[in-house]
Amino acid sequence: MKDNKEVLKYCPNYYNIVNFDYRDDDMISDKLIKIYKTYVFSVDTLNSESVQKLEELDHVLANYLSDYLFRSTMQKEIVHIKVKKDNNILQSLVDCIIKIFTNYEEYTTRKIYVSRWI
């Protein structure tokens with residue numbers, strides 16, 4: 001994908017993700033944003049499956065930025081990812097990131113948080 005308009009068509013949260021201001025010691029956010037940038041510009045827009053993965057990744061990282069609980073869950077889980085050398089590393093990482101988000105959504109929909117005002 002080389003055209004900026006195509007990026008915005010498939011990734012409406014692109015500028016929010018790329019311009020996210022994270023702490024200097026937050027290496028995981030830095031790596032996730034680098035993975036996102038690399039993946040966005042490596043996707044073949046003619047392949048519908050890869051475009052769908054791109055839209056999912058955009059949605060996942062938008063939630064990563066806005067949901068503190070998901071951010072802490074992602075930072076705990078992402079260090080446990082194992083990728084085989086034979087596979088496409090970037091695609092495997094993206095698949096794992098999306099899988100972590102899917103597991104998080106399933107877990108949080110089953111667990112109800114009751115806030116308490118003091």
Peer 1: Can you give me the closest heavy-atom contact between V51 and D44, atom names plus distance?
Peer 2: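 Scanning both residues completely, I find the closest heavy atoms to be CG2-O, 4.0 Å.
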Peer 1: To the nearest 0.5 angstrom, please state how far the CD1 atom of I100 sits from the CD atom of E77.
Peer 2: 6.0 Å
Peer 1: Any side-chain heavy atom of V60 within less than 4.5 Å of one from M74?
Peer 2: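 Touching, per the 4.5 Å side-chain cut-off.
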Peer 1: Quick one: which residue pairs count as a salt bridge (charged side-chain N to carboxylate O under 4.0 Å, His left out) with a foot in residues 64-75, not counting sequence neighbours?
Peer 2: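 Residue pairs passing salt bridge (charged side-chain N to carboxylate O under 4.0 Å, His left out), neighbours aside: none found.
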Peer 1: Please give me the minimum heavy-atom distance between L65 and N16, naming the atom from each residue.
Peer 2: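 Looks like CD1-O, 3.6 Å.
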Peer 1: Can you list the residues that meet the side chain to side chain contact (heavy atoms under 4.5 Å, CB included) rule with K37, with sequence neighbours excluded?
Peer 2: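 Scan of K37 (side chain to side chain contact (heavy atoms under 4.5 Å, CB included), adjacent residues dropped) gives V18, I33.
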Peer 1: Can you hop from V79 to I89 via hydrophobic side chains spaced under 4.5 Å?
Peer 2: yes
Peer 1: Could you pull out all residues at least two apart from F101 that satisfy ring pair (Phe, Tyr, Trp, His ring centres under 6.0 Å)?
Peer 2: H59, F70
Peer 1: List the residues meeting side chain to side chain contact (heavy atoms under 4.5 Å, CB included) with S66, not counting sequence neighbours, and say none if there are none.
Peer 2: N63
Peer 1: When rounded to the nearest 0.5 angstrom, what is the spacing between CD1 in I35 and OG in S42?
Peer 2: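 Here the interatomic distance stands at 11.5 Å.
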Peer 1: A side-chain contact here means heavy atoms from C-beta on lying under 4.5 Å apart; do Y104 and L69 qualify?
Peer 2: yes
Peer 1: Look at the side-chain heavy atoms of Ile, Leu, Val, Met, Phe, Trp and Tyr, link any pair under 4.5 Å apart, and say whether Y22 and M27 land in one connected group.
Peer 2: no
Peer 1: List the residues meeting ring pair (Phe, Tyr, Trp, His ring centres under 6.0 Å) with F20, not counting sequence neighbours, and say none if there are none.
Peer 2: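 Ring pair (Phe, Tyr, Trp, His ring centres under 6.0 Å) list for F20, sorted by chain: empty.
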Peer 1: Partners of Y39 by side chain to side chain donor-acceptor pair (under 3.5 Å), sequence neighbours excluded?
Peer 2: Q91
Peer 1: Just jot down the side chain to side chain contact (heavy atoms under 4.5 Å, CB included) partners of T38, sequence neighbours excluded, or say none.
Peer 2: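 Here the qualifying residues are L90.
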Peer 1: If hydrophobic clusters are built by linking Ile, Leu, Val, Met, Phe, Trp and Tyr wherever their side-chain heavy atoms come under 4.5 Å apart, do Y68 and I97 end up in the same one?
Peer 2: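 Result: no, two separate clusters.
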Peer 1: For D95, check salt bridge (charged side-chain N to carboxylate O under 4.0 Å, His left out) against everything at least two apart and list the hits.
Peer 2: K53
Peer 1: How would you list, by chain and number, every residue that makes a side chain to side chain donor-acceptor pair (under 3.5 Å) with D58, sequence neighbours excluded?
Peer 2: N13, Y36
Peer 1: So, using side chain to side chain donor-acceptor pair (under 3.5 Å) as the criterion, who are the partners of E55 when residues are at least two apart?
Peer 2: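 Checked E55 against side chain to side chain donor-acceptor pair (under 3.5 Å); zero matches.
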Peer 1: So, does S50 use its side chain to make a donor-acceptor pair with the main chain of V43 at under 3.5 Å?
Peer 2: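 Such a contact is absent between S50 side chain and V43 backbone.
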Peer 1: Atom CZ in F41, atom CG in L54: separation rounded to 0.5 Å?
Peer 2: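 Reported value, rounded in 0.5 Å steps: 10.0 Å.
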Peer 1: Among all residues two or more places apart in sequence or in another chain, which pass the side chain to side chain donor-acceptor pair (under 3.5 Å) test with Y64?
Peer 2: S29, Q75
Peer 1: Write out all pairs satisfying salt bridge (charged side-chain N to carboxylate O under 4.0 Å, His left out) with one or both partners inside residues 12-33, taking only residues at least two apart or from two chains.
Peer 2: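 Pairs touching residues 12-33 that pass the test: R23-D25, D30-K34.
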Peer 1: Looking at CG of N103 and CD of E105, how far apart are the two atoms once the value is rounded to the nearest 0.5 Å?
Peer 2: 10.0 Å
Peer 1: In this structure, are over 12 heavy atoms from other groups packed under 6.0 Å from I81 atom CD1?
Peer 2: yes
Peer 1: What I'd like to find out is whether the side chain of I17 reaches to under 4.5 Å of the side chain of L32, using heavy atoms alone.
Peer 2: no
